[in-house]
Every structure is written in structure tokens, then in C-alpha cells.
Participant: 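This is the structure I want to talk about, given as C-alpha cells.
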Amino acid sequence: MKIKLLIALLLVSNPFFAQTTIERLTINSEHIDETRTLKIALPSEYENSTKKYPIILILDDGLLFSPTTAIVNQLSNTSRMPESIVVSLSSGEKHRNHFAPNLYNNHRDRMYNYGNHQEEFIKFLELELLPLLEKKYRTTHFKTFIGFSPSSAIGLHTLLTKPNLFQAYICFAAANIIGDGYSKDERLIEKLETLYSQDKIEQSYLYIVSGSKDADSQPYINTNIRDFNEKLSKFDSENIRTSANLIQGEGHTDVILPGLLTAFDFLFPKEKWMVDYIDLIEKEGTAKNNISSFYQKLSDEYKFEIYPNADRLYSMSCLKNIGRRLLGTKKTDEAIEIYQYWVELYPSSHLAHYSLGLTYEQNNDNSKAITAFEKAYDLALLQKSNDSKTYKEAINKLTK
């Protein structure tokens with residue numbers, strides 16, 4: 001209950017969410033013979049930055065888009081995961097079951113009665129949807145697939161047949177599915193075991209989660225989770241991580257909210273991601289080098305560029321606030337370097353240029369300060385920001 005209340009509050013009260021840009025694209029697919037709408041949630045400072053972002057693709061728009069966007073924003077804004085582009089796919093005339101593999105239910109001794117058009121859907125993802133996103137947006141190679149129940153089956157089939165199309169999979173209400181297979185007495189667990197035993201996968205994170213109420217009516221789910229973890233954990237390495245989890249007290253759809261939190265903590269463990277910049281700047285070396293080294297280590301592990309946060313509420317662990325801290329401790333040169341880095345990452349951020357200007361001013365370099373203030377002023381005017389008045393005053397102060 002506490003987790004659900006927290007997420008509900010995040011959805012309505014966090015100021016970051018009002019700044020998130022939601023775009024819509026239409027895609028006419030030859031492979032699934034449908035027109036679909038994509039909803040794209042961009043990080044709040046996307047337009048001001050030069051950064052590239054990982055993609056999180058959601059197949060269940062109405063069920064998953066809002067909570068996923070809210071949690072991704074909250075975790076990324078507090079440096080618990082990378083800022084990401086969240087994409088959801090609208091429903092079409094064909095039910096999602098139409099594109100799911102028609103697996104065999106070993107415990108009910110019958111087929112799922114799904115459509116078995118998964119190969120068409122994978123071609124749609126690989127040849128149409130992902131190329132469209134990569135062409136239109138600044139993206140990294142790291143892509144996460146999120147599915148629920150039938151769309152989790154699509155995700156698992158995609159992993160088995162195109163193991164490098166996505167780097168991470170979050171499969172909700174799927175602990176029953178992994179115990180079924182393409183034919184009677186066959187399980188996806190063993191199919192995945194075979195996949196991971198081969199040298200085909202460049203990078204893979206797989207998280208399976210169900211609610212305990214599903215296991216109450218389907219007790220074999222407990223066996224599936226145990227077997228999954230026992231058989232696949234032996235493949236865990238720098239590039240491969242797997243986990244199946246049962247969340248107590250949650251039902252079939254209720255598992256989504258707490259499941260998103262546990263899933264992202266699985267992908268981006270807090271013990272690796274949480275950082276105190278004050279500790280970093282007190283170590284030997286410059287502030288920028290120490291902060292960059294921390295994120296370079298993460299970048300090397302995840303195989304895409306990960307950057308520090310430019311701004312955070314109530315925290316020193318961001319470029320803006322740590323720069324102020326450096327100024328307050330008379331480390332002006334290091335503050336200048338931090339703010340130059342901020343401008344490099346966010347060249348269209350008027351606040352970044354203004355902050356750099358203030359640092360130059362404190363360093364008695366008025367010529368560079370004026371240049372930075374003028375850039376901030378021009379950007380603020382272009383973006384129709386009221387901060388332009390403050391920047392104009394800063395220019396006037398130095399040019400009298």
C-alpha cells in the first residue's frame with residue numbers, strides 16, 4: 001500500500017513530470033498490416049542536451065505507460081538509473097494475443113489459443129519501429145522491452161529468437177509462462193538455459209516477476225521461479241543477469257507498481273548508482289575528473305555513455321549544486337570546469353550558461369562572464385523564459 005501511495009503521489013505532485021515532453025508518432029506497418037500510434041516521453045532537458053538516451057519500449061500502453069514514465073523520471077532525476085526515452089505502442093484492431101506465440105500450457109494440458117503471429121511482430125519491431133526511433137531521436141544501443149502477460153510471451157520469444165535486439169527484458173505476470181513451452185512438456189526455462197549456454201548474447205538482463213496471488217491459484221509458479229533461478233543464475237556475469245521474483249500480496253495487475261521498482265533496481269542496483277558528489281570532490285584529483293570517472297565506470301559496464309545529472313532538487317549530487325559548493329570553498333577553477341562540462345552536455349540550457357557566467361564573474365573574468373550571460377539571455381528569449389530578465393540585469397551590471 002505504501003509503494004502504491006508513493007507512486008500515486010509521484011504521478012501528480014513531482015515537478016519534473018510537468019516538464020516531460022510527450023510526443024506522438026504514427027507508424028504504418030507492412031509487417032503487422034496495421035497503423036499504430038507511438039507515445040514517446042522524452043527526458044525534461046532532452047531538447048537542451050546533446051546526450052544520447054536508452055529506449056524503454058512498452059507494449060501495453062494503457063496499463064504501463066503512465067506508471068513507467070513516472071518511475072523512470074523519479075529514479076533518473078535522483079541518479080538511480082539513466083535518463084531514458086520511454087516509448088509505448090498503442091493497441092491495434094488485432095488483440096495483443098494475436099501476436100503472441102501460441103504456447104502449450106503444461107498444467108492445463110492445452111494450447112494458449114494465442115494468434116502465433118510473433119514473427120510478423122518481431123519484424124515490425126526490428127525493421128520498422130526501432131529504426132524509426134533511432135532515426136528521429138538521439139538513442140543509445142541499450143533498449144529495454146517491457147511486457148505484461150501475453151506481451152511478456154512476445155518478449156520472451158523475441159529474446160529466444162533475436163537475442164541482441166533488446167538488451168533488457170522486464171516481463172510482468174510471466175512466472176507461469178516460463179513453465180510452458182512451444183510443445184507439450186517443454187518449458188521456456190530450458191530454452192533460455194540453452195540460449196544462455198551458447199555464445200550468442202552480447203548483453204542481456206532478464207527480469208521475470210509475478211504477484212503471489214497468481215501463485216496461490218497456480219502453485220507451480222513457485223516451482224518455475226525456483227527452477228528459473230537455479231538453472232539460469234549460473235550464467236550471471238558482467239554481461240548477463242537474470243532473476244525471477246514473486247512479490248507477496250500482489251495480484252495479476254497489482255504487481256506492476258512494486259514490480260517496476262524492483263525491476264529497475266535489478267537493472268540498475270542502487271549500490272552501484274547512488275553517489276555522493278561531496279565524497280567525490282574531496283578525493284584526490286579534480287571534481288570533474290572524479291565525477292566523470294564514476295560515470296565512466298558505469299558506462300563501461302552497461303556499454304553506453306552514462307552522464308551525471310545537471311540539476312537535482314535538494315541534493316548536492318548534480319553539476320549545478322556541486323559547482324556552487326566548489327565556489328563556496330574557493331575552488332573556482334574546478335567550478336568553472338564543472339560548469340563548462342554542464343554547457344558541453346546541455347548547450348541549449350540557458351541556466352547552464354548563466355551559471356558558467358557567474359563563475360567567470362567571481363573569477364574576475366568579466367569578458368567571459370558577459371559572453372556567457374549573453375548566450376543565456378539569447379537562449380532564454382528563444383525559449384520564452386522569464387529568466388531572460390535576470391540575465392539582462394547580469395549583462396547590464398558588467399557593461400556599465
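Sequence positions, counted from 1, serve as the residue numbers for this chain.
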Participant: Are any non-hydrogen side-chain atoms of His252 and Ser149 less than 4.5 angstrom apart?
Facilitator: yes
Participant: Could you check if a side-chain atom of Leu89 sits within less than 4.5 angstrom of a side-chain atom of Asp61, using non-hydrogen atoms only?
Facilitator: no
Participant: Please report the closest heavy-atom contact between Lys283 and Asn290, naming both atoms and the distance.
Facilitator: O-ND2, 3.5 Å
Participant: Do we see a donor-acceptor contact under 3.5 Å between the side chains of Glu344 and Tyr339?
Facilitator: no
Participant: What I'd like to find out is whether the side chain of Phe148 reaches to under 4.5 Å of the side chain of Ile58, using heavy atoms alone.
Facilitator: no
Participant: Honestly, is Arg138 close enough over Tyr53, meaning NZ or CZ under 6.0 Å from the six-membered ring centre and within 45° of the axis?
Facilitator: no
Participant: May I ask you to check whether His31 and Glu126 show a side-chain donor-acceptor distance below 3.5 Å?
Facilitator: no
Participant: May I ask whether Ile278 and Tyr341 are part of the same hydrophobic cluster, defined by side-chain heavy atoms of I, L, V, M, F, W, Y residues being less than 4.5 angstrom apart, directly or through others?
Facilitator: yes
Participant: Nearest heavy-atom pair of Leu351 and Lys320: which atoms, and what distance?
Facilitator: CD2-CD, 4.0 Å
Participant: Could you go through Lys123 and Glu128, starting from their C-alpha distance and side-chain angles, then the distance that decides it, and tell me whether this counts as salt bridge (Lys or Arg N to Asp or Glu O under 4.0 Å)?
Facilitator: CA-CA 7 Å; Lys123 287 181 180 178; Glu128 295 176 326; over 6 Å; no
Participant: Closer than 3.5 angstrom, by distance alone: can the side chain of Asn77 be matched with the main-chain N or O of Asn73 as a donor-acceptor pair?
Facilitator: yes
Participant: Mind checking what makes ring-ring contact (aromatic ring centres under 6.0 Å, His included) contact with Tyr114, not counting sequence neighbours?
Facilitator: Tyr112
Participant: Strictly distance-based, threshold 3.5 Å: is any side-chain N or O of Thr69 a donor or acceptor partner for the main-chain N or O of Ser66?
Facilitator: no
Participant: Which atom names give the shortest non-hydrogen contact between Ala335 and Thr359, and what distance separates them?
Facilitator: CB-CG2, 3.9 Å
Participant: Is the shortest side-chain heavy-atom distance between Leu38 and Leu132 below 4.5 Å?
Facilitator: yes
Participant: Please tell me if the side chains of Leu159 and Leu206 come closer than 4.5 Å, counting only heavy atoms from C-beta onward.
Facilitator: yes
Participant: Is a side-chain N or O of Asn321 found less than 3.5 angstrom from the main chain of Ser315, in a donor-acceptor match?
Facilitator: yes
Participant: Of all heavy-atom pairs between Ala369 and Leu398, which one has the smallest distance, and what is that distance?
Facilitator: CB-CD1, 3.8 Å
Participant: Does a side chain donor of either Glu393 or Asn396 reach within less than 3.5 Å of an acceptor in the other side chain?
Facilitator: no
Participant: Tell me yes or no: between the side chains of Ser233 and Asp236, is some donor less than 3.5 Å from an acceptor?
Facilitator: no
Participant: Report the C-alpha separation of Ile56 and Met81 in whole Å, then their side-chain angles, then the decisive distance to 0.1 Å, and conclude whether the side-chain contact (heavy atoms from CB on, under 4.5 Å) test is met.
Facilitator: CA-CA 12 Å; Ile56 298 173; Met81 68 175 288; 4.1 Å; yes
Participant: Cation-pi check for Tyr377 against Lys392: NZ or CZ below 6.0 Å from the six-membered ring centre and within 45 degrees of the axis, yes or no?
Facilitator: yes
Participant: Would you say that Thr26 contacts Arg36 through its side chain, given a criterion of any heavy-atom pair below 4.5 Å between the two side chains?
Facilitator: no
Participant: I'd like to know if the side chain of Glu186 reaches the main chain of Tyr182, judged simply by a donor and an acceptor atom lying under 3.5 Å from each other, with no hydrogens or angles considered.
Facilitator: yes
Participant: Between Phe266 and Tyr205, is there a side-chain heavy-atom distance shorter than 4.5 Å?
Facilitator: yes
Participant: Pairs in or reaching into residues 323-336: which pass side chain to side chain donor-acceptor pair (under 3.5 Å), with residues at least two apart or in two chains?
Facilitator: none
Participant: Centroid separation under 6.0 Å, is that true for the rings of His350 and Tyr391?
Facilitator: yes
Participant: Identify whether the distance between the nearest side-chain nitrogen and carboxylate oxygen of Lys272 and Glu301 falls below 4.0 Å.
Facilitator: yes
Participant: Is there side-chain contact between Trp342 and Ser355, with at least one heavy-atom pair below 4.5 Å?
Facilitator: yes
Participant: Could you walk me through whether Lys136 and Leu25 pass the side-chain contact (heavy atoms from CB on, under 4.5 Å) test, one step at a time?
Facilitator: CA-CA 10 Å; Lys136 184 169 177 59; Leu25 295 178; 3.5 Å; yes
Participant: Before we go on, tell me: are the rings of Phe99 and Phe121 under 6.0 Å apart, centre to centre?
Facilitator: yes
Participant: CD1 of Ile208 to CG of Leu232: how many Å apart, nearest 0.5 Å?
Facilitator: 9.0 Å
Participant: Between Asn102 and Asn113 (side chain of the first, backbone of the second, donor and acceptor by atom type, cut-off under 3.5 Å), is there such a pair?
Facilitator: yes
Participant: Side chains of Ser204 and Arg241: donor-acceptor distance under 3.5 Å anywhere?
Facilitator: no
Participant: Linking I/L/V/M/F/W/Y whenever any side-chain heavy atoms sit under 4.5 Å apart, do Ile221 and Leu192 land together?
Facilitator: no
Participant: Taking all non-hydrogen atoms of both residues, which atom of Pro150 and which atom of Ala100 are closest, and how far apart?
Facilitator: O-CB, 3.7 Å
Participant: Is there a path of hydrophobic side-chain contacts, each under 4.5 Å between heavy atoms, that joins Ile178 and Met111?
Facilitator: no
Participant: So, are Glu361 and Lys397 salt-bridged, with charged N and O less than 4.0 Å apart?
Facilitator: yes
Participant: Treating Ile, Leu, Val, Met, Phe, Trp and Tyr as nodes and any side-chain heavy-atom pair under 4.5 angstrom as an edge, say whether Ile256 and Ile225 lie in one connected cluster.
Facilitator: no
Participant: Specify the closest pair of heavy atoms between Ser29 and Phe124, including all atoms of both residues, with the distance to one decimal.
Facilitator: OG-CD1, 3.3 Å
Participant: Are the side chain of Ser84 and the backbone N or O of Pro82 linked by a donor-acceptor pair below 3.5 Å?
Facilitator: yes
Participant: Measure from the ring center of Tyr302 to the ring center of Trp273 and say whether it is less than 6.0 Å.
Facilitator: yes
Participant: Does either side chain, that of Glu374 or that of His353, offer a donor lying less than 3.5 Å from an acceptor on the other one?
Facilitator: no
Participant: Salt bridge or not between Arg187 and Glu190? Use side-chain N to carboxylate O under 4.0 Å.
Facilitator: yes
Participant: Any luck finding a side-chain donor-acceptor pair between Tyr207 and Thr262 under 3.5 Å?
Facilitator: yes
Participant: Apply side-chain contact (heavy atoms from CB on, under 4.5 Å) to the pair Ser49 and Leu345, showing each step before the final yes or no.
Facilitator: CA-CA 6 Å; Ser49 81; Leu345 294 178; 5.9 Å; no
Participant: Group every Ile, Leu, Val, Met, Phe, Trp and Tyr by side-chain heavy-atom contacts under 4.5 Å, then state whether Tyr307 and Tyr277 land in the same group.
Facilitator: yes
Participant: Quick check: Phe166 with Phe145 (ring centres under 6.0 Å apart)?
Facilitator: yes
Participant: Side chain of Asn106, backbone of Gly179: donor and acceptor closer than 3.5 Å?
Facilitator: yes
Participant: Rounded to the nearest 0.5 Å, what separates atom OG1 in Thr140 from atom CD in Glu134?
Facilitator: 9.0 Å
Participant: Taking Ser197 for the side chain and Thr194 for the main chain, is one N or O donor matched with an acceptor at less than 3.5 Å?
Facilitator: yes
Participant: Any donor and acceptor pair, going by atom type alone, linking the side chain of Asp378 with main-chain N or O of Lys375 inside 3.5 Å?
Facilitator: no
Participant: Quick one: do Glu45 and Ser349 satisfy side-chain contact (heavy atoms from CB on, under 4.5 Å)? Show the steps, please.
Facilitator: CA-CA 8 Å; Glu45 288 290 297; Ser349 167; 4.2 Å; yes
Participant: Which one of Gln167, Lys303, Glu202 satisfies the side-chain hydrogen bond (donor to acceptor under 3.5 Å, both in side chains) criterion with Asn239?
Facilitator: Lys303
Participant: Return yes if some donor-acceptor pair links the side-chain N/O of Glu34 with the main-chain N/O of Glu93 below 3.5 Å, else return no.
Facilitator: yes
Participant: Give me each pair satisfying salt bridge (Lys or Arg N to Asp or Glu O under 4.0 Å) with a member in residues 72-91, each pair once, sequence neighbours excluded.
Facilitator: Lys51-Glu83, Arg80-Asp265
Participant: Say whether Asp109 and Tyr104, considering side chains only, have a donor N or O and an acceptor N or O under 3.5 Å apart.
Facilitator: yes
Participant: Are a donor atom and an acceptor atom from the side chains of Tyr360 and Asn366 found within less than 3.5 Å of each other?
Facilitator: no
